[in-house]
Amino acid sequence: DKKMCGQYYCDSSTFSFLEDEEVKMSPGQSIPVLLYFNNKIVITKLRWGYSLLMNKELIINARCETLFDKKIFQNDIRERRCLIPAKGFYQKDTNQNRISFESQQHQTIYFAGIYHNNEVVIITTKANGVMRTVHNRMPLMIPKEKAYQWLIDGEAYKELLIFQNEDLKIVSGHLQQTLFEYEHII
C-alpha cells in the first residue's frame with residue numbers, strides 16, 4: 001500500500017495571509033490546524049506526523065477503520081480531533097504521475113485529523129469514485145457545516161468517520177491509460 005496524501009497545498013483562498021502564493025505542506029513540517037480550545041475554534045501550528053521513539057519514520061496518516069483499535073490513536077480520536085484546511089492534495093498514480101485533487105464546490109477542503117504532543121496525523125478513508133482511479137484511500141474530508149460536530153461533539157463525530165465525501169475533482173495531472181484499455185476501440 002503506497003503512502004496516501006503525503007503532500008497537500010494551501011493558497012490565499014485557504015489562508016488570506018498567503019496572498020497569491022501556493023504553499024506545499026509535507027510531513028515533518030509545522031502545518032496550520034483548527035482545533036477547539038478554551039470554548040472556541042482556534043488556529044495553531046502542529047508538526048505533521050507522530051514520531052515513534054524506536055523509529056525515525058513518522059506516522060502521517062491514520063485509517064478511520066482502526067482508530068479505536070490502535071493504542072496510539074485511541075485517546076486522540078476521543079479527545080483531540082482537529083481539522084486541517086487545504087486547497088487540495090496530491091497523490092501519485094501507479095506510474096508515479098502526480099495528480100492534484102480539489103473540491104468541486106468549495107475553495108477549502110477540511111481534512112479530519114487527530115493530534116497529541118504538538119503532532120498531528122491526517123485520517124484516511126476508503127476512496128470515493130474520483131479518487132479510486134488513482135488510489136484506494138483518500139483523506140477523510142469533513143464538510144465545513146459539520147466542523148463543530150467533528151471538533152466538539154462527544155459522540156456525533158463517530159458518524160463522520162464513515163462519511164463518504166464525493167466532492168472531489170482532478171485539477172491537474174493525467175491518468176496514464178494502457179493500450180489494453182483501448183482494445184475495444186481498435
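Note that these values count all heavy atoms, side chains included, but never hydrogens, waters or copies made by symmetry. Numbers here simply count residues along the sequence, with the first being 1.
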Close side-chain approach of [X] and [Y], heavy atoms under 4.5 Å:
X: I41; Y: Y148; result: yes
X: D69; Y: Q74; result: no
X: M25; Y: C10; result: yes
X: C82; Y: V120; result: yes
X: F101; Y: V130; result: yes
X: Y110; Y: P143; result: no
X: R132; Y: K126; result: no
X: I31; Y: I84; result: yes

Supply the atom-to-atom distance [X] [atom1] to [Y] [atom2], rounded to the nearest 0.5 angstrom.
X: M141; Y: M131; atom1: CE; atom2: CE; result: 9.5 Å
X: R98; Y: Q96; atom1: CZ; atom2: CD; result: 12.0 Å
X: Q105; Y: K169; atom1: CD; atom2: NZ; result: 10.0 Å
X: F163; Y: C64; atom1: CZ; atom2: SG; result: 12.5 Å
X: Q29; Y: L46; atom1: CD; atom2: CG; result: 13.5 Å
X: Y157; Y: R78; atom1: OH; atom2: CZ; result: 6.0 Å

- [ ] Evaluate the side-chain contact (heavy atoms from CB on, under 4.5 Å) criterion for residues F73 and I114: first the C-alpha distance (whole Å), next the side-chain angles of each, then the deciding distance (0.1 Å), finally the verdict.
- [x] CA-CA 8 Å; F73 304 132; I114 53 175; 3.5 Å; yes

Within the 3.5 Å criterion, strictly below it, is a donor on [X] or [Y] matched to an acceptor on the partner's side chain?
X: Q91; Y: R137; result: no
X: N117; Y: Y50; result: no
X: T124; Y: N61; result: no

Check for a donor-acceptor pair, side chain of [X] on one end and backbone N or O of [Y] on the other, with a separation under 3.5 Å.
X: R81; Y: D153; result: yes
X: W150; Y: L160; result: no
X: R80; Y: I77; result: no
X: E102; Y: K87; result: no
X: Q149; Y: A156; result: yes
X: N165; Y: D167; result: yes
X: N95; Y: N97; result: no
X: E79; Y: D76; result: no

Are [Y] and [X] co-members of a hydrophobic cluster defined by side-chain heavy atoms under 4.5 Å apart?
X: M138; Y: I162; answer: no
X: I152; Y: L67; answer: yes
X: I72; Y: L161; answer: yes

- [ ] Report yes or no: is the cationic atom of K158 (NZ for Lys, CZ for Arg) closer than 6.0 Å to the six-membered ring centre of F68, at no more than 45° off its axis?
- [x]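 Pair K158/F68 counts as cation-pi.
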
TODO: Report the C-alpha separation of T108 and S103 in whole Å, then their side-chain angles, then the decisive distance to 0.1 Å, and conclude whether the side-chain contact (heavy atoms from CB on, under 4.5 Å) test is met.
DONE: CA-CA 7 Å; T108 303; S103 168; over 6 Å; no

If you compare all heavy atoms of [X] against all heavy atoms of [Y], which two are closest, and at what distance to 0.1 Å?
X: I109; Y: G88; result: CD1-CA, 4.1 Å
X: E166; Y: G129; result: OE1-N, 3.5 Å
X: I60; Y: G6; result: CD1-CA, 4.0 Å
X: A86; Y: F111; result: CB-CE1, 3.7 Å
X: P32; Y: I43; result: CB-CD1, 4.0 Å

- [ ] Among V33, I122, L58, V121, find the one that has a side chain to side chain contact (heavy atoms under 4.5 Å, CB included) with W48.
- [x]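 When V33, I122, L58, V121 are each tested with W48, the side chain to side chain contact (heavy atoms under 4.5 Å, CB included) holds only for I122.
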
Open item on the list: Run F89 and Y9 through ring pair (Phe, Tyr, Trp, His ring centres under 6.0 Å) and show every step you take.
Closed with: CA-CA 6 Å; F89 65 95; Y9 55 97; 8.4 Å; no

